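What follows is a short report on a single structure.
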Amino acid sequence: MLDGKYLRDNLETVSQSLATRGATPDLTAFNGLDQRRRDLLNEAETLKAERNTVSALIGKTKDKSQVQGEIVRMKEVSNRIKELDEELRSVEGDLRDFLLTLPNLPHAACPLGTSEEDNVEVSTWGAPTTFEFKPLNHWDLGERLDILDFERGVKIAGARFTLYKGLGARLERALINFMLDLHTDHHGYLETLPPFLVNRESMTGTGQLPKFEDDLFHTDDVDFFLIPTAEVPVTNIHRDEILTESELPLYYTAYTPCFRKEAGSHGRDTRGLIRQHQFNKVELVKFVRPEESDAELQKLLKNAETVLQLLNLPYRVVDLCSGDIGFSAARTFDIEVWLPGQQVYREISSCSTFGDFQARRANIRFRREAGGKPEFVHTLNGSGLAVGRTLVAILENCQQADGSVLIPEVLRPYLGGVEKIG
RNA sequence: GGAGAGGUGGCCGAGCGGCUGAAGGCAACGGUUUGCUAAACCGUCGUACGGGUAUACACCCGUACCGGGGGUUCGAAUCCCCCCCUCUCCGCCA
């Protein structure tokens with residue numbers, strides 16, 4: 001959420017900034033509402049002040065017949081206050097609803113652009129894997145090795161659900177453990193295991209609501225949402241809290257399944273594990289002081305890259321342009337892993353800084369010193385990594401001429417010493 | 001799911017229509033004292049919004065907030081209603 005006061009004073013700047021990401025909200029409507037709010041507040045508060053004074057006087061007066069006129073007059077004042085408060089509540093609701101639909105302002109360093117065509121490749125690691133045979137897609141490999149069962153996934157649940165079997169299931173679990181161990185033991189993150197269903201406030205805090213409810217799975221009988229990423233529950237760990245400066249920065253990691261409706265992506269990535277309604281992810285989340293968020297984003301990116309480097313999977317890093325970053329993000333680096341089966345780089349991690357956008361929504365603050373004024377923290381998060389897509393990358397990059405798949409060495413201890421599948 | 005108890009400031013805890021933004025204690029911060037540590041003593045010690053001085057993010061004024069929302073009243077932390085959450089017992093269950 002943007003700062004209403006900042007918006008009030010910088011309408012033109014905000015408008016131009018939002019335009020770079022393709023958003024053209026009606027900011028003049030905001031101005032009118034904001035002025036109306038202050039007018040109402042002023043009138044209501046003046047009346048309340050009078051009522052407080054007179055009521056105190058009434059309280060001190062023993063003989064109530066002396067103040068009967070004031071009592072009658074205050075009754076009218078109270079009625080007027082009630083009217084004003086009702087309208088104020090309505091205006092403030094509209095104001096908040098409006099602010100909640102505005103996306104974040106792009107970071108000053110975010111490259112300008114209108115679509116993913118304008119994203120900037122900032123680095124590559126390793127070279128696309130070459131083969132002396134024609135590499136297979138992971139879905140063919142997975143079925144031949146009998147570790148991925150797409151048909152039965154559909155039978156059990158539906159399209160975009162997959163059944164993992166045998167070493168497939170074990171490889172997924174190994175990856176989760178490997179990633180969590182790396183981030184906790186070597187990168188300084190605290191492991192958490194959050195709820196996979198969350199309430200409306202949490203979803204609003206990170207920015208999924210109110211605009212993207214259609215993308216979320218929701219439970220009917222109680223108002224819960226299935227998390228689309230661990231970012232939601234983990235960022236909300238500190239919702240409505242005032243942290244102390246000495247606690248910062250806070251690093252959390254969490255493995256969770258992620259649930260997404262993938263509305264609007266019908267027909268895209270229909271085969272294989274790339275786009276599922278349920279997938280596993282190890283997430284990294286940070287709460288930091290504003291002045292260190294840029295440096296923390298670079299460290300977060302490095303932490304995610306390390307996973308691929310240790311697995312020896314080639315990738316590139318892309319700096320997303322203003323037209324391609326997500327609703328809540330100020331700046332995002334995507335890590336894209338090389339997939340030989342399709343001869344493309346595919347997103348496997350998205351590392352973003354949100355500035356104070358989520359902190360403002362979720363009311364996450366910190367105090368620099370005892371008695372100091374609370375300030376909003378900056379929040380960041382990134383995948384470290386998407387587990388299903390990592391398994392895909394291993395299958396496709398590590399496939400052998402005989403149809404087997406060689407397990408990256410760092411994972412073998414997590415697979416009971418198994419060196420290859422098939 | 002049934003029955004009961006309860007939700008007050010960073011924490012504990014009093015208040016149960018006006019004198020309460022809220023006693024008291026703890027913690028924290030600043031200071032005094034003590035040869036260090038500890039202790040004692042003094043002071044400070046919520047947040048948000050609006051307005052003013054005025055540009056320093058400091059002070060002043062006002063308003064709101066005692067789980068959330070509504071109601072009664074001239075006046076509500078205090079009375080009434082609804083909801084949420086926590087705890088205890090029973091039931092069910094991994």
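Each chain gets a letter, A, B and so on, in the order its sequence line appears, and its residues count up from 1. It should be emphasised that the depicted structure is a prediction, and the values quoted were computed from it without experimental measurement.
One can place CG of Asn79(A) at 9 Å from P of C74(B), the figure rounded to the nearest angstrom. Spacing between atom CG of Leu47(A) and atom P of C74(B) amounts to 16 Å, rounded to whole angstrom units. G50(B) atom C1' lies 14 Å from atom CG of Asp85(A), rounded to whole Å. As a whole-Å value, the separation of Asp3(A) CG from C49(B) P is 8 Å. Across the protein-nucleic acid pair, Glu76(A) atom CD and G75(B) atom C1' stand 16 Å apart, rounded to whole Å. Rounded to whole angstrom, the span from the CZ atom of Arg89(A) across to the C1' atom of G68(B) amounts to 13 Å. Here the P atom of nucleotide C49(B) and the CZ atom of Arg36(A) are 21 Å apart, to the nearest Å. The distance from atom CD1 of Ile364(A) to atom P of U47(B) is 18 Å, rounded to the nearest whole Å.
A salt bridge links Asp34(A) to Arg38(A): one of the charged nitrogens lies within less than 4.0 Å of a carboxylate oxygen.
Ring centers of Phe327(A) and Phe357(A): under 6.0 Å apart, within the cut-off.
With both ends at atom C1', the span from U32(B) to G51(B) equals 40 Å, rounded to whole Å. If you take atom C1' in G70(B) and the same atom in A54(B), they sit 41 Å apart, rounded to whole Å. Comparing the P positions of C29(B) and C45(B) gives an interatomic distance of 16 Å, to the nearest angstrom. Straight-line distance between the P atoms of C16(B) and A77(B): roughly 14 Å, to the nearest whole Å. If you take atom P in C61(B) and the same atom in G15(B), they sit 31 Å apart, rounded to whole Å. Between C90(B) and C79(B), the two P atoms lie 31 Å apart (nearest whole Å). Look at the C1' atom in both A64(B) and G6(B): the space between them is 26 Å, to the nearest Å. The gap from the P atom of G43(B) to that of C87(B) amounts to 40 Å, rounded to the nearest Å.
For Ile242(A), whose side chain is taken as the heavy atoms from C-beta onward, the closest listed nucleotide among C74(B), U47(B), C49(B) is U47(B). Closest approach to the Ser55(A) side chain among G18(B), A48(B), G50(B) is made by G18(B) (side chain taken as heavy atoms from C-beta onward).
Between C74(B) and Lys82(A), no contact under 4.0 Å exists linking OP1 or OP2 to a side-chain N or O. Look at Arg367(A) and you won't find any side-chain N or O under 4.0 angstrom from OP1 or OP2 of A28(B).
Interatomic distance, CG of Leu105(A) versus CG of Asn10(A), reported as 9.5 Å (0.5 Å rounding).
In this structure a side-chain-to-backbone donor-acceptor pair under 3.5 Å is present from Thr53(A) to Ala49(A).
In this structure, the side chains of Leu284(A) and Tyr251(A) stay at 4.5 Å or more apart for every pair of heavy atoms. Contact annotation: the side chain of Leu100(A) approaches that of Met1(A) to within less than 4.5 Å [non-hydrogen atoms, C-beta and beyond].
Checking Lys64(A) against Glu50(A), the closest nucleotide of RNA chain B that is more toward the 5' end is the one next to Lys64(A). With the nearest nucleotide of RNA chain B identified for both Lys60(A) and Pro374(A), Lys60(A) has the one nearer the 5' end.
Within the nucleic acid shown, Arg51(A) comes within 4.0 Å of sugar-phosphate atoms alone, with no base atom in reach, counting heavy atoms only.
Judged as a ring pair (Phe, Tyr, Trp, His ring centres under 6.0 Å), and not counting sequence neighbours, the contacts of His183(A) are His187(A), Tyr189(A).
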Its dot-bracket string being built from Watson-Crick and G-U pairs below 3.5 Å, with | for another strand and [ ] for crossing, RNA chain B has the pattern ((((((((.[[[..)..(.....]]].(((((.......))))).((((((((....)))))))).[[[[[..)....]]]]])))))))....
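With 3.5 Å as the limit, one finds no donor-acceptor pair spanning the side chains of Asp63(A) and Thr61(A). Ser350(A) and Asp334(A) share a donor-acceptor pair across their side chains, judged by distance under 3.5 Å alone.
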Tell me, for nucleotides 51-62 of chain B in 5' to 3' order, what letter each nucleotide earns: B for a base near a protein heavy atom under 4.0 Å, S for only sugar-phosphate near one, - for neither?
S----------B
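Contact record, Glu296(A) with Pro249(A): OE2-CG, 3.8 Å, taken as the closest heavy-atom pair.
Note on ring orientation: taking the six-membered ring where Trp is involved, the planes of Phe161(A) and His277(A) are tilted (angle from 30° to 60°).
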